[in-house]
Structures are given as C-alpha cells and as structure tokens.
Asker: 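Quick one: the structure is below, and I'll ask about it shortly.
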Amino acid sequence: MSKASPNHFIRSIASNDIKNGKHEYVYTRFPPEPNGYLHLGHAKSICLNFGLAKDLGGRCNLRFDDTNPEKESDEYMQSIKDSVAWLGFEWDKLCYASDYFDELYGFALELIDKGLAYVDDLSAEQMREYRGTLTEPGKNSPNRDRPVAENRALFEQMRDGEFAEGELVLRAKIDMASPNISMRDPILYRIRYAHHYRAGDKWCIYPMYDFTHCISDALEGITHSLCTLEFQDNRALYDWILENITLQKNHIGEAGKAMPRQIEFGRSNLEYTLASKRKLIQLVNEGHVNGWDDPRLTTLVGLRRRGYTPASIRNFCAEIGVTKKDSVIEMTVLENAIRHDLEANAKRAFGVLDPLKVVLTNYAAEQTESFVVRNHPKDESMGTRELPFGREVYIDRDDFMLDPPEDFFRLGPGREVRLRYGYAIRCEDVIQDDAGEVVELRCSYDPLSAQGKTADGRKIKGIIHWVSAAHAIDAEVRVYDRLFNQANPGALDDVTEALNPNSLTVFDNAKLEPSVIEADPQQHFQFERVGYFCFDSQDHQPAKPVLNRTVSLRDSWAKAAAKG
RNA sequence: UGGGGUGUGGCCAAGUGGUUAAGGCACCGGAUUUUGAUUCCGGCAUUCGAAGGUUCGAAUCCUUCCACCCCAGCCA
C-alpha cells in the first residue's frame with residue numbers, strides 16, 4: 001500500500017496557508033544536530049518535512065543545527081547526509097546554523113541595543129536558584145539592568161575571548177515571573193573554548209538552540225518549522241525572538257510573506273527498540289551490538305544493512321501518521337512495510353539455513369539435470385533461472401520430523417513431499433548418529449512427478465525448498481530477532497537488563513542455490529518459504545558469502561504450532 | 001499543587017453537530033495456491049477517558065472530573 005500522502009493536521013495548515021495567500025509555497029527544513037546517527041524517529045521527521053514540501057510543490061532544506069561544538073562532528077554530519085539521500089529525498093539547500101554565526105551575533109547586538117538582552121555573571125548554580133521552580137516565580141538577576149553600553153562592551157569581550165567558560169552569558173530580558181520557564185530570561189549565548197567541526201576556532205561564544213533555530217528558519221525563508229512536542233513551550237520564545245529583531249525582506253524569504261510558524265507533532269516509538277542516543281552509545285561502546293549499523297538497531301544505517309529499503313521506511317512513516325500524540329508502534333507495522341515491498345520486488349531463490357542431507361537412492365549417481373524456474377511467481381518480467389538438481393540435496397532441518405503430527409505437511413518417515421519445482425520424494429530411511437541426531441535421509445523419488453503433476457493423479461500437499469548438494473554454495477546467514485525482550489527498554493535505567501540473548505543466530509553452514517552468488521550484491525532475495533535476505537554490506541565477500549535475514553515470511557504454521 | 005499538551009477497538013489513525021464511527025497493522029474464520037508465502041472474501045468499537053448538560057440529533061458544543069506526557073541544561 002504505497003500510501004498517497006495521507007492528510008494530517010500539519011498538511012491541512014500548510015495547504016490552507018497557501019490557499020489563503022499567507023505564503024506562496026511551503027518551505028520546510030529537516031534540522032538534525034550532527035551529534036549521532038539518524039534513526040527511525042528521524043525518518044518520520046524527514047518524511048514529514050521533505051514529503052510535505054514535495055507534495056505541496058514547495059521546498060525543503062537540510063540544515064545542520066550545529067551550535068554545540070563539543071558534541072558534533074563531521075563524521076555524524078556526513079552520515080546524516082547519506083541517510084537522508086538514501087531515504088530518497090533531495091534537499092533544496094544544504095545549510096548549517098554555523099554559517100549564520102556572524103548574522104546571529106549581529107542580532108544579539110540588536111537585542112542588546114534595544115535593551116532586550118543583558119550580560120549576566122551569575123554562576124550556573126545561582127542562575128538555577130534565581131530561575132524559580134515550576135510553581136514559584138523566579139527573581140531578577142542583579143545584572144538585569146546593566147546599561148546597554150556595558151552589555152555591549154561585555155558581549156564583545158566575551159566574543160574576543162576575554163572571559164573564561166561559564167563566567168558570563170548573554171540572556172534575553174523577558175520575564176522572570178513567567179509561568180513558562182522558557183521565558184524566564186533564557187540564555188542566548190554561552191562561552192565555549194571548543195573547536196567547531198566547521199567554524200574551526202573562529203568563535204569562543206556559541207548561540208543557544210532557541211536563539212539560533214528561529215533565526216535560521218527566518219533567514220532561509222522557512223514557512224513551517226516542524227518539530228516534536230517537547231518544544232511546545234519553546235514556541236513562545238521562538239516567536240518573541242523573531243518579533244524583536246529586524247529581519248530584512250529577503251530574510252523572510254522569497255516564499256514567505258510572513259514569519260515562520262513552529263508546529264509541533266508527536267514522536268513515534270517502536271516497540272522493543274531504543275531511540276535514545278545516550279543508551280545507543282552504551283550498547284555500541286560496551287559491545288552489545290556491532291556498531292551503529294548493527295542490523296538489530298533501528299538506526300537508518302542499521303536498517304539499511306538489515307535489508308530495509310527506502311520505500312519500505314517511507315511507507316512505514318506514511319502508515320503511522322502525524323498527530324499531536326506520542327505513539328508506540330508495534331513491530332509488525334514495520335515488518336509489514338518491508339514484506340510488502342519485498343514481496344513485490346525481491347527475486348525468489350532457494351536457501352537452506354540448517355541443512356539436512358537427503359540422498360535419492362533411485363536417482364543415478366552421475367546424473368544431474370536442471371529446472372527452469374521463475375524468479376517471481378507473479379511477475380514474469382523478473383525472468384527465469386536454472387536450478388540444478390542431482391542425487392543429493394539439502395533440505396531444511398525444520399522440514400523433517402521423526403514423529404510428525406498429522407497436520408505437519410512436510411517430511412517424516414514414510415511420508416511424501418514435493419521438492420518445489422522438482423520431484424516428489426518419499427522418506428524411506430532415516431540415518432541417525434550415536435546421539436540419535438538425524439544426519440541423513442534416504443528417499444526415493446518419483447520420476448513421473450515433474451511439472452507439479454503425478455502420474456496417478458495423487459495430491460501432494462507438502463512442498464519444500466531444497467538445494468542440490470553438488471552445486472550448493474556455502475554461506476553464513478545471520479538471523480535476527482528483537483534486540484530487547486521488553487517493549488519499552490528505554491524506560492529502564494540499565495537497558496542491558498532487557499537485552500534478548502537470542503537476538504542474533506548465525507547459520508554458518510547455510511547452503512544456497514548457485515544463482516544467488518551471481519547476483520548484484522545490492523539485491524534483495526526471498527528465499528522461498530523462509531524469508532527475505534540481503535548480502536551483508538560489511539562482511540560479505542564472493543568467496544565467503546554473508547547474508548542477513550531482513551525479515552521472515554509470515555508463518556501461520558509456526559504460529560499455530562506455538563499456540564499448541 | 002504553575003504553564004504547555006494529549007485522551008476514538010490490542011497498536012496506529014480518519015472523523016471538525018445529522019443515515020449502520022474510514023483505513024492500516026494485529027487477530028479470527030473461509031477460498032485460491034508447486035512458497036503453510038502472496039492474493040481474495042468475510043468477521044472484528046450500540047461506542048469515541050469519565051460524569052453531567054445543551055440539542056430533534058454530539059466522538060464532534062458546554063461544565064466538572066480523571067489519566068498520561070513535556071518544561072526548572074551555560075543540550076537540542
């Protein structure tokens with residue numbers, strides 16, 4: 001269901017603003033801080049911002065909100081650019097808040113000159129005391145009425161490096177008694193002697209988010225500034241700043257006939273996953289996962305490595321909607337999105353994860369043949385391939401039971417199944433080792449059972465996949481399960497308590513049909529009856545194939561079996 | 001207990017005073033099937049956080065109450 005742009009409250013606001021002539025077109029921005037890797041939550045924001053602009057004929061910038069040099073890096077910035085592009089979006093302009101540092105400084109001076117900002121020397125602790133509490137108003141700083149000229153001189157000295165970190169800050173002069181704590185003389189600039197990954201060492205004062213963001217929006221001509229719910233209180237400050245500085249006409253932008261409007265939407269969390277950067281870093285650093293792109297992570301790089309397609313993530317985002325309510329999405333929604341995409345677009349192949357050897361005792365030892373099979377059961381344009389067959393084949397251990405129940409349609413002693421696209425076989429003998437483990441099956445095949453028919457017209461209910469032993473390619477296949485066994489691991493102080501010990505299962509003796517290895521390494525497969533797979537982007541080599549299971553196929557048998 | 005938000009089926013989510021409360025995911029039936037997949041068809045909220053009220057008529061308007069989330073970084 002590639003959803004055609006569902007309507008939601010932000011879309012309604014934006015299209016009304018165009019209809020009413022408030023703006024000529026919509027102009028949005030996706031404003032990440034380059035201090036970590038993007039995850040599924042960011043994908044929602046990316047799809048919202050870029051999608052809105054695309055659908056309404058507007059534009060969208062990628063803007064790095066890089067005002068905190070100690071946490072930001074070029075590596076993160078590059079990765080974010082890659083992920084946005086990978087998701088399939090093109091930014092109108094690539095912007096950096098750090099490119100506005102000169103202008104921002106100028107606006108700060110304007111506020112000082114208007115008596116709307118002052119330099120304060122209260123310590124962090126004192127400032128916290130002066131700020132008051134949720135229920136009590138704050139009180140004015142003794143520096144609040146410092147003369148304009150002095151403020152200006154002090155601020156310039158701050159910029160010139162004449163003070164130590166933490167010694168002075170620039171504050172807006174608003175209202176220490178405001179019930180909205182964001183308005184209690186918020187800090188606009190702080191001193192940081194840190195190297196900025198883009199601005200270098202040019203500055204030792206850096207603007208705060210609230211001061212930077214609204215002005216960046218205005219400078220770019222952003223019409224709709226979309227952000228998450230926790231910024232609702234900050235909106236008053238956003239508006240206050242823009243109302244109190246002098247923007248040139250072109251600052252409001254070619255599109256903008258009015259100031260940008262901040263609109264907040266709810267975050268979406270996925271069950272059994274983590275979005276907190278801090279906790280993700282812990283998992284990476286402590287080695288619980290293998291890097292930011294571990295396929296069990298819902299980082300965009302992780303999902304990509306796992307085999308999720310950009311379209312599936314876009315569809316997922318369309319599916320979950322945009323509202324003013326934080327939501328918790330079930331894992332099946334994401335899985336449905338990728339299954340839906342890959343069902344239509346992935347080539348079929350045979351792969352056996354846990355091989356059990358089957359010898360066809362009445363098939364000549366030297367004989368081989370091959371079957372021409374379709375790459376997709378419903379899409380002829382995906383072509384055909386040749387599937388080699390011989391006396392020995394591998395089947396999946398799951399497809400055999402020593403003492404199967406009646407409704408097990410697969411192989412068991414004396415039972416008959418069809419090797420998909422090939423012959424019907426009957427299990428004549430089971431070979432077990434000393435420990436009782438089944439190590440081989442001796443079967444007879446019915447030479448008259450090709451093409452899905454049988455000579456006597458008997459129906460064969462069970463159909464299983466297989467790989468010719470003589471032609472099989474050895475591979476390592478990694479099968480993933482949820483990383484956590486609790487729906488909301490983020491609520492835990494120590495997320496490692498909720499780690500699922502079985503989140504990764506390695507099948508290091510998997511057998512694949514030979515056509516798989518000839519494929520484009522970017523390709524996605526469906527191993528019939530098993531799931532969707534892709535080559536691992538880090539560890540795969542043609543001589544030593546490594547694949548990831550993106551997601552299993554739906555399995556109503558397993559579901560029924562689990563229910564008992 | 002200050003301010004800002006949110007409450008529609010298991011999870012999302014349409015709906016903005018007028019016939020039986022969209023749709024997706026999940027779930028339960030059944031059909032088709034050389035993937036126990038896909039596809040198809042059917043079922044799945046007398047009820048919209050609760051209680052009052054207005055109205056011929058309310059999930060939609062009013063009142064009160066309840067629950068949950070966010071805000072007291074020189075983070076974003």
Side-chain angles (χ1 to χ4, degrees), chain A residues 1 3 6-8 31-33 35 65-68 70-71 120 122-124 127-129 131-138 165-171 177-184 186-192 206 208-210 212-213 227-236 264 266-268 271 277 315 318-337 339-340 343-344 348 350 373 376-378 407-410 418-422 424 451-453 460-465 526-531 552-561:
Chain A
M1 82 261 70
K3 275 262 191 301
N7 203 31
H8 52 68
E33 182 187 14
N35 68 343
D65 220 335
D66 51 358
T67 59
N68 187 357
E70 287 162 324
K71 292 187 175 173
D120 202 351
L122 251 32
S123 70
M127 208 169 286
R128 193 178 314 122
E129 286 164 23
R131 191 149 37 221
T133 68
L134 295 178
T135 50
E136 297 163 304
E165 276 189 21
E167 211 175 328
L168 255 37
V169 292
L170 181 71
R171 294 229 256 170
S178 173
N180 180 349
I181 294 176
S182 294
M183 299 298 268
R184 316 237 265 230
I187 293 172
L188 267 19
Y189 267 89
R190 76 289 213 185
I191 299 172
R192 277 291 111 88
Y206 289 93
M208 299 289 285
Y209 165 83
D210 287 301
T212 309
H213 204 92
C227 62
T228 42
L229 253 29
E230 70 271 25
F231 290 100
Q232 286 173 122
D233 289 344
N234 302 238
R235 190 174 62 239
E264 311 86 13
R267 291 177 186 262
S268 290
E271 279 189 344
K277 273 174 198 160
N315 284 151
E319 205 65 60
I320 64 178
V322 177
T323 65
K324 292 195 72 162
K325 184 174 84 175
D326 285 324
S327 57
V328 180
I329 312 294
E330 290 176 342
M331 195 67 107
T332 53
V333 180
L334 215 214
E335 291 176 345
N336 175 264
R339 284 197 186 108
H340 185 86
E343 156 61 27
R348 310 289 127 123
F350 283 169
V373 307
H376 189 109
K378 293 182 180 172
D407 59 353
F408 184 76
F409 304 148
R410 286 109 97 155
R418 175 175 293 285
L419 296 178
R420 182 158 158 83
Y421 299 126
Q451 312 304 328
K453 302 183 181 76
I460 298 169
K461 175 77 175 170
I463 296 153
I464 64 175
H465 58 99
Q526 183 199 98
F527 291 160
E528 298 204 43
R529 304 206 315 126
V530 182
S552 69
L553 251 31
R554 276 205 188 85
D555 189 347
S556 57
W557 162 251
K559 195 192 289 174

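Numbers restart at 1 for each chain; the letters A, B, ... are given by sequence-line order, proteins then strands.
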Asker: Are A:R348 and A:E343 ion-paired here, with the side-chain N under 4.0 Å from a carboxylate O?
Answerer: yes

Asker: Which of these nucleotides, B:G36, B:C75, B:U35, is closest to any side-chain atom of A:R348?
Answerer: B:U35

Asker: Please classify the nucleic acid contact of A:Y206 as base, sugar-phosphate, or nothing, using heavy-atom distances under 4.0 Å.
Answerer: nothing

Asker: Is any NZ, NE, NH1 or NH2 atom of the basic residue among A:K71 and A:E33 found under 4.0 Å from an Asp or Glu carboxylate oxygen of the other?
Answerer: no

Asker: If you compare every side-chain N and O of A:R554 against the phosphate oxygens of B:U35 (OP1, OP2), does one of them come in below 4.0 Å?
Answerer: no

Asker: OP1 or OP2 of B:G73 versus the side-chain N and O atoms of A:R184: is any pair under 4.0 Å?
Answerer: no

Asker: Is a donor-acceptor contact shorter than 3.5 angstrom present between the side chain of A:R410 and the base of B:G36?
Answerer: yes

Asker: Does the distance from a Lys or Arg side-chain N to an Asp or Glu carboxylate O, for A:E230 and A:R267, drop under 4.0 Å?
Answerer: yes

Asker: Stems in RNA chain B: runs of 3 or more consecutive Watson-Crick or G-U pairs, distances under 3.5 Å?
Answerer: B:2-7 with B:66-71, B:10-12 with B:23-25, B:27-31 with B:39-43, B:49-53 with B:61-65

Asker: Any side-chain N or O of A:R131 under 4.0 Å from OP1/OP2 of B:G2?
Answerer: no

Asker: With rounding to the closest Å, how many angstrom separate the P atoms on B:A72 and B:U54?
Answerer: 44 Å

Asker: Nearest to the side chain of A:R128, which nucleotide is it out of B:U39, B:A72, B:C75?
Answerer: B:A72

Asker: Among B:U6, B:C70, B:A72, find the nucleotide with the atom closest to the side chain of A:I181.
Answerer: B:A72

Asker: For nucleotides B:A31 and B:A67, find the distance between their C1' atoms and express it as a whole number of Å.
Answerer: 45 Å

Asker: OP1 or OP2 of B:A13 sitting under 4.0 Å from any side-chain N/O of A:T323?
Answerer: yes

Asker: Is the phosphate of B:A76 approached by A:T67 (side-chain N or O, under 4.0 Å from OP1 or OP2)?
Answerer: yes

Asker: Quick one: which of B:C75, B:A14, B:C11 gets closest to the side chain of A:H8?
Answerer: B:A14

Asker: Tell me if a side-chain donor or acceptor on A:S327 pairs with a main-chain N or O of A:I329 at a distance below 3.5 Å.
Answerer: no

Asker: I'd like the P distance from B:A21 over to B:U60, given in whole Å.
Answerer: 15 Å

Asker: Can you see if the side chain of A:K559 gets near the phosphate of B:A26 - specifically, an N or O under 4.0 Å from OP1 or OP2?
Answerer: no

Asker: Check this one for me: any side-chain N or O of A:S556 less than 4.0 Å away from OP1 or OP2 of B:A37?
Answerer: yes

Asker: Closest to the A:N336 side chain: B:U35, B:C25, B:A72?
Answerer: B:C25

